[in-house]
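Notes to accompany the following structure.
What you are looking at is a predicted structure, and each value in this text was computed from that prediction instead of being measured.
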Amino acid sequence: MDKSYSSVTESDIYQSWESSGAFTPKIDKKKKPFSIILPLPNANDPMHMGHALFTIEDILIRYHRMLGEPTLWLPGSDHAGIETQFVFEKMLQKEGKSRFDYDRQTLYQMIWGFVEKNRTLNQFQMKKLGFSMDWTRYHYSLETPIVDNVLATFKKLYDDGLIYRDEKIVNYCTFCGTAFSNLEVVHKSVDSHLWYFKYPVVGQKDRYVTVATTRPETMLGDTAVAVNPKDKRYLDLKNQKILLPLVNREIPIIFEETVDIKFGTGAVKVTPSHSPEDYDMGKIHGLEFIRIFDYDGRSNQNVPLKYRGLFPNQVRQMVIDDLTAAGLMEKIKDYTHEVGHCYRCSRPIEPITAPQWYVKIAPLAKPAIDAAKTGKVKFFPVRFKKTYIDWMENIRDWNISRQIVWGPRIPAWYCLDCHPQIKVNFLDKNKKIVSGFYKDLKGKYSVEEIKNGLQSLVAPVDVSFMVEESIQCSKCHSSAVIQETDTFDTWFLSGQWPLNTLGFNPKDPSKSSPDFGYFYPTSVMDTLWDILFFWVARMIMFGLYLAKDVPFKTVHLHSRVVDARGQKMSKSKGNVIDPLVMTEKYGTDALRMSLVYGIAPASDFVVSEDKIRAQRNFVNKIWNASRFVLMIIERFVEKNPKLNISTTIDISKLNDDDKNILTNLNSIISSTTTNIDKYRFGQASENLYQFFWHDFCDIYIEKAKDRGEDVIPVLLTVLINSLKLLHPFIPFVTESVYQILRDKAGLEEPQLVTASWPKEIKL
RNA sequence: GAAUCUGUAGCUCAGUUGGUUAGAGCGCAUCAUUGACAUUGAUGAGGUCAGAGGUUCAAGUCCUCUCAGAUUCACCA
């Protein structure tokens, strides 16, 4: 609202709504509820245009509230594991520090404090945008009861045999210091080269096998060369060995059908510890796994001395130089290929073997696929159903462990006395980093000192663990028991969000809160399509697994906001339009309207200041038209101080103009209702705009200027019904106008936010 | 490599199950208006709906192909 028109501010109106209790639904078993769980924003993140699109949810919520349904919009915010830690580490970096300067308890406390400072900011901002959320039911993902539930879910999965540890090849970012799921890897096309190396065959002078590779540096970890058994060029190499150059290790030649005869030379160097395909080959052929890069990104003791302690690109150059010098470089060709990059820091991902925690996903995915196929969960737009099912049918086991601090730790405990081969990293009393195997450190450091200064531990996959917290080992009764330092993938927690925010009890579902029984499954999950797999799919799986029902009946995927050049808005590109700046400049109503006006579902759409300005003019129009109606009423009251204002329409007294506008009103009531029901917000807002501005203002009101007081009932009826229809889109101005009208014309309903949705008028 | 989406007025985009002269906002032109309107109103110009073929009484809308662009998924050296 343009502030110059009224002394009532948007925040006054918001407060009056909130304090009236309008946002807090009352459970009424006789009525069907309507509920939406807010896609939880990151707690440390200020709002951007993407969040402003929650306007769509507010439209649904306000509409259903006006229909008289007990309506819940449940807000919350997420600790956002890796995202937040990444932001925090950037701050540390500016101070010349790093995460390695702190033990994990201290680091956790520091991040906690950082998030607490920012956590209320986006709440304030959501209120600015007029979102009618039930703040009495607000949740934060690290609240103790929520975390307890998440840990209980882990326990249940474990008891059901769906949790396991394995040392597979994972997507590891050595800069972020953690593994990622496949979804978190961004594939980018990179211009590089194919290097052709000659590997000598053992015992055969001048017989070489030439391999082609994009990653020369990994050759130090080769443990085989693979050729296709049908490849005639290599038939003589059965049972022969290769002498790996630079390393002088004898490695076998294996025959593997998956090797493409046509690619390169048809011979592949095999590095099982640093390539996903080679890992599979290594498993099938029982090859040696030699990991040559450590989790800090540097080469380790598994390579010859001169190559140790270096980053991959440094090793690459040395290997190329040394092979060239040895006359083993056959040729170098240009080659473009896809390389995985960290979605967080954009550095190349190092495929690396590491022990991780996994969820067996197939048993969870199956019911979630069925739910989509049978329509228990509906998708809008429907094309996303196919995307969802395709993805779910090809899903792989879910790596839920992250080697970061910020987030709940995986509830598993190891006994260091039973498993002295566990490696620990910690800060000693003097704050110096100590790394090593427990068996070597045992005499020198107490368990307490290790625990207090702990940064991380690495436990081989064959060690046993306990899933109940205890002070003693259940086998040897040692008190050297230490908790896993891996934390959960954020989505493991947020995947259970609808359950946990509504008070589901995973230990005993019958003891869940009344909210859960009433509001679950929720009505709609509205979110951006880019977290369909990350979040929506996981919520469906967890919902069905834990509560035996889907978490929401409809998934509505909304559009993505892009800039005028079609680019995704992001801080690093500097093309962000700040919704709060727009709110200040043009009013919240104008911003909201511009976010839904004329948009198609789930396609990118452009927000520009022009568009917002156009909607500001519309909001002004509403204000001014209302002022005109008020003026007519005031004149009437001056002349007839003792008469009441009537909104009752006497059909026999209507002229053609009256009949026309009322017919149009009826049709806009019915079209707006179906358009919102079918998520056609763009159409709904366009029709309303057209009706109000042209049918009502330009035609009816213009003609009304020449008429007497008899115009008042129709004028008021159309205005009030229009305000109601517009209210979900344009809440502030409509409410403020309505309340003035209420006082002048003696209307019954106290506020628009809880007023009844219009019904067609009988003519 | 697989899948999906997009191509409609100068710009940004709507167009629901195929149905009369294809719509909006911004911009542009002309006129009017400053007594609801930090303006607004009236009128108008501007489109072979990417291209080709097909189905149909009827296609922007359905089918096939071509061209152009975007995105997502994917372990190919």
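- Residue A/Asn687 places none of its side-chain N or O atoms closer than 4.0 Å to OP1 or OP2 of B/A24.
- For B/U39, the OP1/OP2 oxygens have a side-chain nitrogen or oxygen of A/Arg616 closer than 4.0 Å.
- At the heavy-atom level, A/Ala625 lies under 4.0 Å from base atoms of the strands shown.
- Considering only the side chain of A/Trp529, B/U71 comes nearest among B/U71, B/A36, B/U40.
- Checking the phosphate oxygens (OP1, OP2) of B/U39, no side-chain nitrogen or oxygen of A/Asn620 falls inside 4.0 Å.
- A/Val629 comes within contact range of no nucleotide atom at all, as no heavy-atom separation falls under 4.0 Å.
- When heavy atoms are screened at a 4.0 angstrom cut-off, A/His337 is found touching the sugar-phosphate backbone but no base atom.
- The partner of B/C57, taking Watson-Crick or G-U wobble pairs whose two distances both stay under 3.5 Å, is B/G19.
- Across all strands, A/Lys621 comes closer than 4.0 Å to base atoms (heavy-atom distances).
- Counting non-hydrogen atoms under 4.0 angstrom, A/Glu338 reaches a base of the nucleic acid.
- The partner of B/U64, taking Watson-Crick or G-U wobble pairs whose two distances both stay under 3.5 Å, is B/A52.
- Ring geometry for A/Phe380 against A/His556 counts as parallel: the plane angle stays under 30°, on a 0 to 90° scale with 60° as the upper cut.
- Partner A/Glu760 forms a side-chain contact (heavy atoms from CB on, under 4.5 Å) with one of A/Ile669, A/Ile668, A/Thr673 and no other, that one being A/Ile669.
- Of all nucleotides present, only B/U40 satisfies the Watson-Crick or G-U wobble test against B/A32, with each distance under 3.5 Å.
- Nearer the 5' end of RNA chain B, as judged by each residue's closest nucleotide, is the contact made by A/Gln615, out of A/Lys705 and A/Gln615.
- Judged purely by distance below 3.5 Å, without hydrogens or angles, the side chains of A/Asp191 and A/Tyr335 never pair a donor atom with an acceptor atom.
- No donor-acceptor pair closer than 3.5 Å links the side chain of A/Asn228 to the backbone N or O of A/Ile261.
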